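None of these values were measured; they are calculated from a predicted model.
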Amino acid sequence: MLIDFFYTLRAAKLPVSVKEFLTLLEALQADVVGPRQPEACMIDDFYYLARTALVKDEKHFDKFDRAFAAYFKGVEMLADFTKEIPADWLRKVLEKELSPEEKAAIEKMGWDELMETLKKRLEEQKERHEGGSKWIGTSGTSPFGHGGYNPQGVRIGGKGGNKSAVKVWDQRAYRDYDDSQELGTRNIKVALRRLRKFAREGNELELDLPDTIRSTAANAGWLDIRMVPERHNNVKVLLLMDVGGTMDEHIQRVEELFSAVKAEFKHLEFYYFHNCVYDFMWKNNRRRFAEKFPTWDIIRKYNKDYKLIFVGDATMSPYEILQPGGSVEYSNEEPGAEWLQRLTHAFPKFAWINPEPQGVWQYRQSIAVVQQLMGHRMYPLTLKGLEEATRMLSK
């Protein structure tokens, strides 16, 4: 199994060597995580061990996450489900992770009853199940599984349909967008080139090779070097990207856009935010609380000739935009709308790129709010939408 996992990582173009793979095997044999048999250890423990042993540069973390998720898709524990479930251990783990409110919610069913029922279901169930209200599976109302609805349940992998499980076992931190993503970026680059401006700056010269060849040939082979003033890509772009939550559905397209923007614009600065911009942003999602960049500092640092481009689905509760304390991660003193207005005032050339299909915009109240704050400069993340946005920004 682990040999196939090694080849999966190599197929994802991760620079994983055989020596590093042997290090992982030695760690498993040394009981660094779980017992000696790797199939019996928790998937989270194995994930962190494998990443530590196999990935030497954090820029590859995102590729590793995707390859790991693809290989172990739908697996929460590398274990034999025919064995007895340690209910006491499972309860201790849940008690450690759940908040007081979540613990109170689960009292409706009872800890012992919930754990005992989960154990019996695993013993009785012999195959995959979808729908229904009993078996562990997908798209049902069982208190165990994923993709369904039960407010006092335990989600085991996957994505919930109601986002109200007592505890989600597969939550992960936000991840940085991969700026090396090349698939599908060619047409995006073409659409962005409308925004590029070349300006002659200073007295620096560069070789005009075509003219030098023509002049030398016309001069019977005598070298005639021709120079022209050097041209510089003079466009400056400030890119603010929404990450996490509902934006996870748009990761691939946003990565394609991010890669194209980095390739096309020499003067590019980027920051991340979640749902709405508040009083700080960040550049590295794994250190977003340790390395904050105050929004006021960003506004003061870059002058108004920067083109400001927001990328986000603008899909959230309107409360997150319009009220103090609206952030889902901390208590912000000022509403996000105030910060959006400050940013658009500081950078007159601005646009919002929305990866959500334009046909659903009218059904999202938060999108309407953001559209109004943006002066209706919101464009879909399509080639036509990018062309319209760049045409507006280049005026």
Side-chain angles (χ1 to χ4, degrees), residues 174 176-177 192 195 235-247 250 254 257-258 261-262 265 267-285 288 291-356 361 364-381 385-386 388-395:
Y174 305 152
D176 293 346
Y177 291 127
L192 292 173
L195 186 57
V235 173
K236 301 175 182 178
V237 174
L238 178 57
L239 185 66
L240 308 183
M241 296 178 288
D242 184 5
V243 65
T246 55
M247 283 296 293
H250 310 294
V254 175
L257 174 64
F258 189 23
V261 170
K262 290 200 74 172
F265 302 108
H267 305 287
L268 170 68
E269 299 291 341
F270 72 91
Y271 296 88
Y272 293 111
F273 65 93
H274 179 56
N275 283 357
C276 190
V277 176
Y278 300 110
D279 54 300
F280 71 90
M281 288 179 272
W282 56 92
K283 279 183 170 289
N284 187 310
N285 282 295
R288 67 184 185 274
E291 298 179 1
K292 301 177 182 179
F293 294 85
T295 306
W296 269 126
D297 288 354
I298 295 172
I299 292 174
R300 297 185 182 107
K301 182 176 181 179
Y302 307 107
N303 54 40
K304 65 180 180 180
D305 61 347
Y306 271 82
K307 314 286 188 183
L308 176 62
I309 301 177
F310 298 89
V311 179
D313 59 9
T315 299
M316 67 200 91
S317 167
Y319 180 87
E320 295 179 56
I321 308 171
L322 301 173
Q323 297 295 326
S327 170
V328 297
E329 294 193 308
Y330 72 107
S331 181
N332 53 296
E333 294 184 359
E334 296 180 284
E338 292 287 341
W339 290 107
L340 291 177
Q341 289 178 333
R342 287 167 183 158
L343 283 162
T344 55
H345 178 74
F347 306 100
K349 300 288 186 178
F350 63 87
W352 187 293
I353 307 299
N354 193 330
E356 278 287 290
W361 290 7
R364 306 277 172 81
Q365 186 178 358
S366 59
I367 293 181
V369 173
V370 174
Q371 276 187 305
Q372 184 175 358
L373 291 169
M374 291 292 109
H376 296 279
R377 298 186 193 180
M378 182 178 286
Y379 303 89
L381 182 48
L386 290 175
E388 292 176 350
T390 54
R391 186 181 298 112
M392 184 276 298
L393 289 171
S394 62
K395 291 181 179 178

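- In this structure a side-chain-to-backbone donor-acceptor pair under 3.5 Å is missing from W352 to Q371.
- Distance check: L322 CG to L373 CG gives 7.0 Å after rounding to the nearest 0.5 Å.
- Residue F293 is tested with W282, Y271, Y278 for a ring-ring contact (aromatic ring centres under 6.0 Å, His included); the sole match is Y271.
- Taking both residues in full, the closest heavy atoms of V235 and H267 are given as O-CB, 3.5 Å, listed atom of the first, atom of the second, then distance.
- Between I353 and A389, the shortest heavy-atom distance links the atoms CD1-CB, 3.8 Å.
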### Task
Test side chain to side chain contact (heavy atoms under 4.5 Å, CB included) on F258 and V311 and set out the steps.
CA-CA 10 Å; F258 189 23; V311 179; over 6 Å; no
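- Y330 and F280 have tilted rings, their planes meeting at an angle from 30° to 60° on a 0 to 90° scale.
- Using a 4.5 Å heavy-atom cutoff, the side chains of W361 and M378 are in contact.
- Among all heavy-atom pairs drawn from I321 and P335, the shortest one is O-CB, 3.6 Å.
- Of the residues I367, D242, V370, the one that meets the side chain to side chain contact (heavy atoms under 4.5 Å, CB included) test with N354 is I367.
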### Message
Set out, in order, the CA-CA distance, both residues' side-chain angles and the distance that settles side chain to side chain contact (heavy atoms under 4.5 Å, CB included) for H345 and R342, then state yes or no.
### Response
CA-CA 5 Å; H345 178 74; R342 287 167 183 158; 5.8 Å; no
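- Contact record, K304 with A346: CB-O, 3.4 Å, taken as the closest heavy-atom pair.
- Taking CE of M281 as the start and CG of L240 as the end, the distance is 5.0 Å to the nearest 0.5 Å.
- One finds the CG atom of L239 at 12.5 Å from the OH atom of Y306 (value rounded to the nearest 0.5 Å).
- Using cut-offs of 30° and 60° for the angle between ring planes, the F270 and Y272 rings count as perpendicular.
- Rounded to the nearest 0.5 Å, atoms NZ (K307) and OG1 (T390) are 10.5 Å apart.
- Contact record, P324 with E333: CB-O, 3.4 Å, taken as the closest heavy-atom pair.
- From M316, atom CE reaches atom NE2 of H274 across 9.0 Å, with rounding to the nearest 0.5 Å.
- Between F310 and M374, some side-chain heavy-atom pair lies under the 4.5 Å cut-off.
- The two atoms that bring C276 and G336 nearest to each other are SG-CA, 3.6 Å, heavy atoms only.
- Legend: side-chain hydrogen bond (donor to acceptor under 3.5 Å, both in side chains) pairs involving residues 311-320, not counting sequence neighbours, sorted by first then second residue: T246-D313, N275-E320, T315-R364.
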### Message
For a side chain to side chain contact (heavy atoms under 4.5 Å, CB included) check, start with the C-alpha distance between K283 and E269, then their side-chain angles and the critical distance, and finish with the verdict.
### Response
CA-CA 10 Å; K283 279 183 170 289; E269 299 291 341; 3.9 Å; yes
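- Taking CD1 of I309 as the reference point, atom OH of Y379 lies at 11.0 Å (rounded to 0.5 Å).
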### Task
Take W339 and D279 through the test side chain to side chain contact (heavy atoms under 4.5 Å, CB included) and record every step on the way to the result.
CA-CA 7 Å; W339 290 107; D279 54 300; 3.6 Å; yes
